[in-house]
Every structure is written in structure tokens, then in C-alpha cells.
K.L.:
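Encoded as C-alpha cells, here's the structure I'll be asking about.
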There are 2 protein chains.
Amino acid sequence: MEFKEAKNKFVQTWGALGSQWGINKTMAQIHALLMISNEPVSMEDIMDELQISRGNTSMNLKALMDWGIVYKEYKAGERREFFTAEKDLDELAVKIAKERSKREIKPALKILKEVSTIEAKDSAEEKHFVDQTSKLYDFVLKADNMLDKMTEFNDNWLGRLVMKIMK
Amino acid sequence: MEFKEAKNKFVQTWGALGSQWGINKTMAQIHALLMISNEPVSMEDIMDELQISRGNTSMNLKALMDWGIVYKEYKAGERREFFTAEKDLDELAVKIAKERSKREIKPALKILKEVSTIEAKDSAEEKHFVDQTSKLYDFVLKADNMLDKMTEFNDNWLGRLVMKIMK
DNA sequence: TTAAACTTTCAAAAATAAATGAAAGTTTAT
DNA sequence: ATAAACTTTCATTTATTTTTGAAAGTTTAA
């Protein structure tokens with residue numbers, strides 16, 4: 001396989017993976033492109049490489065910057081803006097985890113708490129509902145706290161975690 | 001909040017959460033409904049409760065059964081089939097993790113291996129590509145193995161894991 | 001200040017994913 | 001074997017999400 005083919009395959013795969021995990025295809029593809037680029041890339045280049053519109057590129061770059069996994073860079077003597085991706089994978093995973101926790105898990109926990117604390121009266125059905133949603137609340141809270149813990153580890157938390165799990 | 005309202009809120013929230021994580025809304029809603037039901041539910045009841053068509057219900061129940069998180073049940077003297085959800089949350093998490101690993105992570109790893117083993121020639125650009133995709137391969141492999149480890153823990157792996165992380 | 005060079009926004013269009021429902025397929029009791 | 005009772009399939013429709021691109025907005029150098 002030659003370089004250009006491999007590069008394309010990687011960008012496509014990363015894009016497809018993104019959509020399966022609730023991140024839009026273009027956003028994932030731009031991120032992929034920046035990840036494997038050894039120097040900052042201009043918006044023009046991204047549009048050209050991925051064959052997407054200016055608006056789409058702009059919106060998704062903004063989203064990636066909101067997630068904190070893509071940075072703007074300025075080159076001396078250049079009017080245009082350039083972009084780079086967070087390339088450290090531990091850092092990347094932590095940022096994605098934090099963002100999804102904030103956007104999705106925290107609001108879900110709020111709802112779970114609400115519904116699990118209704119007064120259960122005496123029907124078996126209602127008792128089961130309260131029991132099950134309470135358990136779910138505890139589970140999700142525990143999982144979310146685990147994500148928080150990851151962010152406290154300074155370096156290579158994944159490797160260290162695997163070590164611990166293996167005993 | 002009364003029971004009916006809480007129940008509805010839970011089902012809607014679970015459905016929305018599902019779509020954010022690449023699982024279709026109805027599939028997640030059916031699962032939610034079965035999770036909080038203290039007894040097996042018929043297809044008719046699911047259709048009625050969620051206001052969805054027979055075909056949709058059937059397809060998504062099948063998908064849930066393929067994932068191994070919903071079971072068919074037969075009631076004595078009843079022609080109809082009933083359904084129940086896996087209610088043990090550890091078991092549920094393990095099954096979902098296994099399934100997503102099989103469907104998404106394993107194929108992605110295959111591609112990552114392919115593209116990271118191209119011959120890098122001498123350009124800095126190609127060297128960076130190979131370096132970055134190799135690192136990504138290692139990272140994803142490690143994360144996937146972590147999921148595997150979870151499944152080996154017999155009971156309450158999440159609780160134990162949190163204990164370990166906390167030191 | 002101005003205008004060139006660039007970026008962002010957002011209503012409309014296109015692409016994608018999900019849902020419908022009628023027809024085909026199964027199963028089971030008699 | 002039959003028909004009633006039920007489930008599944010899949011071509012079509014509907015809903016949702018993403019993309020486009022022209023217009024509006026912004027920044028910078030002179």
C-alpha cells in the first residue's frame with residue numbers, strides 16, 4: 001500500500017468510527033487528517049483534501065476546538081490560520097471523556113436521580129421501577145467517577161490502569 | 001412526579017442517550033421499557049406503549065436479542081411471545097462492550113495495523129504518519145484489552161475497578 | 001478608513017438513517 | 001392438512017442529520 005492510499009483509508013475509517021460513536025463524520029475526518037499531519041494545516045487544505053465546503057469545514061473546526069482537541073496556530077508572515085490536533089493520545093482520550101461526561105452523562109444522571117426518587121406507593125411495578133433506576137443511577141455515577149479519576153492521573157493512565165487490572 | 005410521568009421521562013432519556021452513542025432511539029427505548037418492567041412484556045404492549053409500528057418493534061427486538069441483552073420468554077398457556085431485558089447492570093455493560101468491540105473496535109484495529117505498516121520511505125510526512133498510526137494502534141489495542149479484562153471479572157467489576165483506581 | 005483576505009452563519013438542499021405497514025412467512029392446536 | 005394467531009421482511013415513506021454556499025461578518029495591512 002502506498003502512502004496516499006493508506007492516508008485516505010485512515011481518514012475514512014476514523015470518520016466511519018466517529019459516526020458510530022455519535023460524532024459526525026466530517027468532524028472525525030478533519031481530526032484524523034490533523035492527527036497524521038506533521039505540520040499545521042490551513043482551512044483551504046482541509047477543504048481540498050476532504051472535498052467539503054467552507055462552511056462545513058469552519059463549523060467542524062469550531063466544534064473540534066470547543067472540544068479542546070484541535071488548536072489554532074498562526075504562522076509568522078501568514079494571514080491565514082492554521083490548525084493542529086492534540087496528538088498525545090492520553091490527553092485526547094481524557095478530553096473526549098470529559099466532554100462527553102459533561103454533555104451527556106451529567107444531564108442523564110440528573111434525570112435518573114429525578115425519576116428514581118418518586119414515591120413508590122405500594123404496587124410491585126412502581127417498586128421495581130424505583131429499584132431499577134436507583135441501581136442505574138449508582139452504576140452510571142460510579143462509571144462517571146471512574147472517568148474523572150482518569151483525568152487525575154498525570155501520564156499514561158491507560159497503561160497504568162491495564163497494569164492494575166491485570167493485578 | 002407521578003409514576004407514569006417518571007416512566008415516560010426515563011424511556012425518552014434512555015432513547016436520546018442511545019442515539020448519542022450510536023444506538024438507534026427505538027432500540028434504546030424498547031430496552032429502557034423492558035429494564036423497568038417487572039414482568040415480561042408482549043410485542044403488542046411495546047408497540048402500544050411506545051407508539052411504534054409492528055415492523056419497527058420486531059426489528060429492534062431482534063437487534064436487542066442479537067446483542068444478547070434482551071430475552072424471549074414463553075408463558076404457559078400463551079401463544080404470544082414475551083420479552084425481558086438483562087437487568088443485571090454489570091452483565092449488561094459487559095455484553096455491550098463485547099458487542100461493540102467485535103463490531104467496531106476489532107475491524108478498526110485491522111485497518112490501523114494495515115495503514116501503520118506501510119513502508120515509510122524517507123519523507124518526514126510519511127514517517128510521522130507511520131509513527132502516529134502505530135501509536136494509535138497500540139492505544140486502541142490496550143483499551144480493547146481492558147474491555148476484555150472486564151468480562152473476566154465475574155461480579156461487580158466496576159466497583160472493584162473503582163477501588164483499584166482510587167488506590 | 002478602506003478594501004482585500006479571510007472566517008462564520010444559517011436557511012435551504014442533500015444525504016442518511018429510521019419507521020411504516022402490507023404482504024410473506026411461521027408456528028401451533030385441532 | 002388447515003386456518004388462526006402470531007412474527008418477520010423489505011420496498012416505500014418519513015424524519016433526522018449533515019452539508020452547502022451565498023451573504024454577513026471580521027480582521028489586518030497600508
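Here is the naming used below: chain letters follow the sequence lines, and residue numbers restart at 1 for every chain.
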K.L.:
Identify the heavy atoms of B/Ser101 and B/Pro107 that sit nearest to each other, and give their distance.
P.N.:
O-CD, 4.3 Å
K.L.:
Please report the distance, rounded to the nearest Å, between CE in B/Met47 and C1' in D/dT8.
P.N.:
13 Å
K.L.:
In this structure, how many angstroms lie between the C1' atom of C/dA15 and the CD atom of A/Gln29, rounded?
P.N.:
14 Å
K.L.:
Heavy atoms only: give me the nearest A/Arg100-B/Gln20 pair and the separation to one decimal.
P.N.:
NH2-O, 2.7 Å
K.L.:
Which atoms form the tightest heavy-atom contact between A/Ile118 and B/Phe3, and what is the distance?
P.N.:
CD1-CA, 3.7 Å
K.L.:
In whole Å, I'd like the distance from the OH atom of A/Tyr74 to the P atom of D/dA29.
P.N.:
12 Å
K.L.:
Rounding to a whole Å, what distance do you find between A/Met43:CE and C/dA5:P?
P.N.:
16 Å
K.L.:
Work out which heavy atom in B/Ile36 is nearest to a heavy atom in A/His128; give both atom names and the distance.
P.N.:
O-CD2, 3.0 Å
K.L.:
Rounding to a whole Å, what distance do you find between B/Leu61:CG and C/dA19:C1'?
P.N.:
14 Å
K.L.:
Using whole Å, what does the distance between atom P of nucleotide C/dA17 and atom CH2 of A/Trp21 come to?
P.N.:
17 Å
K.L.:
Could you walk me through whether B/Asp131 and B/Lys127 satisfy the salt bridge (Lys or Arg N to Asp or Glu O under 4.0 Å) test, starting with their C-alpha distance in whole Å, then the side-chain angles of each, then the deciding distance to 0.1 Å, before giving a yes or no?
P.N.:
CA-CA 6 Å; B/Asp131 183 54; B/Lys127 281 209 182 83; over 6 Å; no
K.L.:
Side chain of A/Glu81 only, heavy atoms from C-beta on: which candidate in D/dT7, C/dT9, C/dT7 is closest?
P.N.:
C/dT7
K.L.:
Got a list of protein N/O to nucleotides 17-20 of chain D N/O distances below 3.5 Å?
P.N.:
from   : atom 1 : to      : atom 2 : distance (Å)
D/dT19 : OP1    : A/Thr26 : OG1    : 2.4
D/dT19 : OP2    : A/Thr26 : OG1    : 3.0
D/dT19 : OP2    : A/Asn56 : OD1    : 3.4
D/dT19 : O5'    : A/Asn56 : ND2    : 3.3
D/dT20 : OP2    : A/Ser53 : N      : 2.7
D/dT20 : OP2    : A/Ser53 : OG     : 3.1
D/dT20 : OP2    : A/Asn56 : ND2    : 3.3

K.L.:
In this structure, how many angstroms lie between the C1' atom of D/dT28 and the CZ atom of A/Arg80, rounded?
P.N.:
15 Å
K.L.:
To the nearest angstrom, how far is A/Lys72 atom NZ from C/dC6 atom C1'?
P.N.:
11 Å
K.L.:
Give the intermediate values and the outcome of side chain to side chain contact (heavy atoms under 4.5 Å, CB included) for residues B/Tyr137 and B/Lys142.
P.N.:
CA-CA 9 Å; B/Tyr137 176 80; B/Lys142 212 180 260 180; over 6 Å; no
